[in-house]
Every structure is written in structure tokens, then in C-alpha cells.
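Report on the structure given below.
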Amino acid sequence: MSEQETQNNFNEAENAENQTEQQNPQQTESAEQQNENQAEVKEASAEEKNDNECVEESIANLTPEQLRTDLLSARLSIKQIRTEKELLKAEMKRKLDTLAAEKATVMSQYEEFKKNAEAEQKDKVQKLMEVTQKKLNEALQTRDEEIKRIQTRSENEIAKAKSFALEGFIKDLIPSLEPLEQALFYADRSNEAQKDMINGLEMTFELILKAISKNGVQVLDPKGEPFDPNFHQAIQHVPHPNLPANHVIDVVQKGYVLNGRVIKPALVVVSRAM
């Protein structure tokens, strides 16, 4: 830098300071501080001038060969800087590509994790629905079975009640049937005067037996059959030449069974061994 340029810079600095002082009339800086600032500016200008003079002197002392060498060095330095710049750009591109690849990998892993999480959640929901449906089906099946048991029990109880509803009535009717049967057994059928009465009694007796038979009553008349203590009551055991032991020889009173339940056992005479 020439001395003229240095002086111009110094003048511009002074003009700038003067303008600043004019724009800020109320500035409280002292005159001594201003002088110190001006001295510092002058000193800096002087140092810059000396440096420029040294550089100009050094350049003036260089030979053309030295200038060419310095120029070649400068060009090599520029080329090296450009090479380093390209290497830096390539390294930067490689790092950016690596970051992009890592980002893509992370995003892919995230999508896979998200997909697996959704599938796992869906599977859990499906399993929960299956378990709930299974429990619901089991509950419904248990309820249906309980309803069937209740219906079966109710039907059995109804059937049982229906089957034995006539039990009291039959028990009250039997004492009336037995004398009627005895009267018919001992009736004098050779007496023409009593024939119509006997026929009427027989018809009445048969109608009563038919009516109670329709309602599940069975008359026990086990003559000649094996003795069964569940349905028969033995009042006498006698030997018999034509029947084996434990067979009914004679029926003293007939028995009555209502739907398999004994209302009155048959009173019988049972054979025994000779």
C-alpha cells in the first residue's frame, strides 16, 4: 500500500470521527481520549505502511526465476487446495450417502417394527376374540345343558306326577273293586232271576278295569307264574304235585300296579318242594 493511500485512509478516519462528533453533539468523551484514539490510528497506519514497504521491497528484490518459482508454488498450492476441496466434497458426499443409507435402514426397520407391532396387536385382538367367543360358546353350551336338564327334570317330575296322580284314587277304589269281584266270583249263575244282575255287574266291573287300565293301572293275577316278592305277598306255602317250588298256586286277592309302582301286592299261595 502506498503512502498516499495510507494518508487517504487516515484522512477518512478523521472525517468519520468528525462526522460522528457532529451527529452526536452530546457525546461526553474528553479531548484526551480523542487524542489517544488518533494516536492509535496513526500508529496503526504507520505499521501498515512499514509492512507494505517491506513487501514491496521483498518483491522488488526477487528475480524472475524466483517469481516463477513462487508462482508455480502458488499454483501448486491452489491445485492442492482444489484437490483437497474435491476430496472433502467426495468425503462429504460419501458421508451424506452413508447417512442416507442409514436413514433408509432405520426407516425400513421402523416400518418393519410398525408392521410387526400392528400384526402382533391384530393377532392379540384375534386371540382375545377367539378366547372370548370360546368362553361365550362354553357359557351358552352350559346354559343350554342346564336348560335341558331343567326341562328333563321338569318333564320327569310332570310325568311322575301325572303317572301317580291317580294313586290315591286307585287306593280308594280298590276296596270297592274287591267286594264286587268277590260277589261275581260267588254269584249263582244258574239262577235265572239273578242272571241279568250278574251280567250288569260283570259289565260294570270290566268297564272299571278298562278305565283304570287306560290310566296305567295293571291288575296282578299271577296264578301259575313264578313267585316274585316285589309284586306278590305269600300268605301260605303248600306242596303241589304239578308245579315246581316257588310258583303261585292260587291268588287269594289280586294285586294292582300303577305305572310299574306297586299299589297293592297280590296275596298268593306259593308252592314248595314236596
Side-chain angles (χ1 to χ4, degrees), residues 135-274:
K135 290 183 178 180
L136 179 60
N137 293 336
E138 291 177 352
L140 291 175
Q141 184 177 0
T142 302
R143 186 201 64 179
D144 293 341
E145 292 176 354
E146 183 64 22
I147 291 174
K148 288 181 180 179
R149 284 195 295 269
I150 294 173
Q151 289 177 345
T152 302
R153 186 166 59 250
S154 300
E155 291 173 357
N156 292 336
E157 291 177 355
I158 292 172
K160 184 178 179 181
K162 183 178 179 181
S163 298
F164 301 107
L166 297 174
E167 183 176 352
F169 173 72
I170 298 300
K171 285 183 177 180
D172 294 337
L173 183 63
I174 289 173
S176 301
L177 289 175
E178 290 176 345
L180 182 59
E181 187 176 9
Q182 290 293 327
L184 290 171
F185 180 76
Y186 291 108
D188 185 4
R189 299 180 185 276
S190 61
N191 189 345
E192 292 294 334
Q194 296 182 0
K195 187 175 182 180
D196 292 337
M197 183 186 66
I198 293 171
N199 290 335
L201 291 175
E202 286 180 343
M203 290 178 62
T204 302
F205 186 71
E206 289 177 359
L207 288 173
I208 294 174
L209 292 179
K210 190 178 292 185
I212 62 177
S213 178
K214 288 182 178 179
N215 288 277
V217 177
Q218 179 185 358
V219 179
L220 298 177
D221 188 8
K223 187 175 181 178
E225 298 177 1
F227 174 74
D228 187 351
N230 295 317
F231 296 94
H232 310 150
Q233 181 178 348
I235 60 174
Q236 189 178 5
H237 290 80
V238 297
H240 196 282
N242 298 324
L243 287 176
N246 290 324
H247 276 66
V248 177
I249 298 174
D250 194 12
V251 178
V252 178
Q253 280 186 352
K254 295 178 181 180
Y256 296 89
V257 176
L258 176 62
N259 295 319
R261 182 176 180 178
V262 177
I263 296 177
K264 183 178 180 179
L267 301 179
V268 297
V269 178
V270 183
S271 64
R272 61 180 174 83
M274 295 292 292

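Keep in mind that the numbers below use all heavy atoms, side chains included, and drop hydrogens, waters and symmetry copies. Numbers here simply count residues along the sequence, with the first being 1.
Note that the CD1 atom of I174 and the CD1 atom of I212 stand 7.5 Å from one another [nearest 0.5 Å]. The distance from atom CZ of F231 to atom CD of Q218, rounded to the nearest 0.5 Å, is 7.5 Å. The distance from atom CD of Q233 to atom CG of L220, rounded to the nearest 0.5 Å, is 12.5 Å. One finds the CE atom of M203 at 8.5 Å from the CG atom of N199 (value rounded to the nearest 0.5 Å). Interatomic distance, D172 CG to E167 CD, rounded to the nearest 0.5 Å: 10.5 Å. Note that CD of Q236 and CG of L267 are 12.5 Å apart. Values are rounded to the nearest 0.5 Å.
P222 has its side chain within reach of V268: a pair of non-hydrogen atoms, C-beta onward, lies under 4.5 Å apart. With contacts defined as side-chain heavy-atom distances shorter than 4.5 Å, the pair L173/I208 qualifies. At least one side-chain heavy atom of P239 sits under 4.5 Å from a side-chain heavy atom of R272.
Ionic pairing of R149 and E146 is present here: one or more N-O contacts between side-chain nitrogen and carboxylate oxygen are shorter than 4.0 angstrom. Checked for salt-bridge contact, E206 and K210 miss the test: no charged N lies under 4.0 Å from a carboxylate O.
S271 places a side-chain N or O within 3.5 Å of a backbone atom of H247 that can act as its donor or acceptor partner.
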Pair L243-I249, side-chain contact (heavy atoms from CB on, under 4.5 Å): steps then yes or no: CA-CA 8 Å; L243 287 176; I249 298 174; 4.1 Å; yes
Is there a side-chain contact (heavy atoms from CB on, under 4.5 Å) between L177 and Y256 once you walk through the steps? CA-CA 11 Å; L177 289 175; Y256 296 89; 4.1 Å; yes
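H237 and F227 have perpendicular rings, their planes meeting at more than 60° on a 0 to 90° scale where under 30° would count as parallel.
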